[in-house]
Amino acid sequence: MQATCRHLLSLNDLTAEEARALLARGTELKAMHRRGEDYRPLRYRTLAMIFEKSSTRTRVSFEAGMVQLGGHALFLSARDTQLGRGEPVEDAARVLSRMVDAVMIRTFEQTTVERFAAYSQVPVINGLTNRLHPCQVLADLQTYFEHRGDIRGRRVAWIGDGNNMCQTYLEAARLFDFELRVGCPAGFEPDADLLAAAGERCTVLHDPLAAAAGADLIATDVWASMHQEGEHAARAALFAPYQVSEALMACAAPDALFMHCLPAHRGEEVAAAVIDGPQSVVWDEAENRLHVQKALLEFLLVPGP
Ligand code: CP
Ligand code: NVA
């Protein structure tokens with residue numbers, strides 16, 4: 001057990017300085033990895049990864065990241081553990097955190113990761129809830145910094161659903177000091193408390209082209225998230241005007257980047273010509289999950305100088 005146990009349940013668990021340092025460290029670890037440097041500060045350390053929803057990127061990036069840092073990751077599906085049979089989260093937290101060095105959780109309610117962390121002796125990382133997806137937005141911002149430099153004072157347009165990704169961008173706008181314009185259909189705005197916390201940095205518009213105007217970064221995500229699969233058809237009709245098309249990209253700054261956390265649906269939230277086009281940095285964005293999460297694991301598990 002560590003003397004002071006930090007968690008990453010939301011970006012608000014980081015100071016602005018820590019958040020910026022994480023992105024820089026992610027870029028540094030990426031270069032070290034490419035040079036083939038042997039850097040294994042997490043030898044004999046274990047990360048438990050609890051998945052109550054599907055994943056490709058989150059699972060593989062955390063697992064590969066732990067191996068690269070000299071440790072080990074355990075994949076725990078709710079289907080095969082006692083969590084899926086109703087064992088209380090508080091009990092699972094007390095047991096697992098006596099056995100492993102950190103826990104990553106992908107689940108439904110934000111309160112589940114909060115309850116787990118309250119009873120955990122080791123750091124807990126939010127690997128996506130219905131409310132937030134902090135690891136993905138850290139990877140997005142590392143990608144922005146690598147392509148365009150500091151995001152402070154820049155304009156980001158979030159187009160589509162006011163979902164977990166959009167809500168994490170709201171937290172990021174405050175932490176990294178950028179302007180966020182959300183272009184979403186009426187009734188699909190982000191949660192009011194997160195909007196209020198972002199203050200004047202964030203504006204909600206229901207006209208997607210107005211939201212995209214002059215933006216340095218255009219980001220979007222699926223129209224129906226994993227906990228909303230039954231709503232897919234109804235949402236598709238409502239969200240059609242919010243597709244990130246070439247016409248929408250033309251409203252943004254000429255050197256605007258396009259990001260999508262993936263998985264994507266070409267022809268729905270994004271046109272194939274955009275996601276596969278020259279302004280898209282989605283593959284760098286996906287790769288940076290690996291690097292920024294290695295920086296995060298190091299930050300949470302390796303004592304500072
Ligand atoms: N972007 C993201 O979190 O992808 P996965 O659902 O594949 O983990
Ligand atoms: N908003 C999406 C993100 C997937 C990575 C979801 O929650 O399903």
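One-based numbering, in listed order, for ligands and for the atoms of each.
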I'd like to check which ligand 2 atoms, numbered from 1 as shown, lie under 4.0 Å from a non-hydrogen atom of [X].
| X | value |
| --- | --- |
| Asn164 | 1 (N), 2 (C), 6 (C), 7 (O) |
| Leu262 | 5 (C) |
| Leu128 | 3 (C), 4 (C), 5 (C), 7 (O) |
| Asn163 | 1 (N) |

So that I can tick it off, tell me whether [Y] and [X] are bridged by a salt bridge, with the cut-off set at under 4.0 angstrom between side-chain N and carboxylate O.
| X | Y | value |
| --- | --- | --- |
| Glu90 | Arg115 | yes |
| Arg131 | Asp191 | yes |
| Arg155 | Asp216 | no |
| Arg201 | Glu179 | no |
| Lys53 | Glu229 | no |

Taking side chain to side chain donor-acceptor pair (under 3.5 Å) as the test, write out the residues that go with Thr111, two or more places apart.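 Partners of Thr111 by the side chain to side chain donor-acceptor pair (under 3.5 Å) criterion come out as none, since no residue qualifies.
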Under 3.5 Å: N or O atoms of ligand 1 paired with protein N or O:
from, atom 1, to, atom 2, distance (Å)
ligand 1, 1 (N), Gln136, OE1, 3.0
ligand 1, 1 (N), Cys261, O, 2.9
ligand 1, 1 (N), Leu262, O, 3.0
ligand 1, 3 (O), Thr58, OG1, 3.1
ligand 1, 3 (O), Arg106, NH2, 2.9
ligand 1, 3 (O), His133, NE2, 2.9
ligand 1, 3 (O), Arg289, NH1, 3.0
ligand 1, 4 (O), Arg57, NE, 2.8
ligand 1, 6 (O), Arg106, NH1, 2.8
ligand 1, 7 (O), Thr56, N, 2.7
ligand 1, 7 (O), Arg57, N, 2.8
ligand 1, 7 (O), Arg57, NE, 3.1
ligand 1, 7 (O), Arg57, NH2, 3.1
ligand 1, 8 (O), Ser55, OG, 2.6
ligand 1, 8 (O), Arg57, N, 3.4
ligand 1, 8 (O), Thr58, N, 2.8
ligand 1, 8 (O), Thr58, OG1, 2.7
ligand 1, 8 (O), Arg106, NH1, 3.4
ligand 1, 8 (O), Arg106, NH2, 3.3

I want to know if ligand 2 touches [X] in the polar sense, i.e. an N/O pair below 3.5 angstrom.
| X | result |
| --- | --- |
| Ser225 | yes |
| Val222 | no |
| Asp221 | yes |

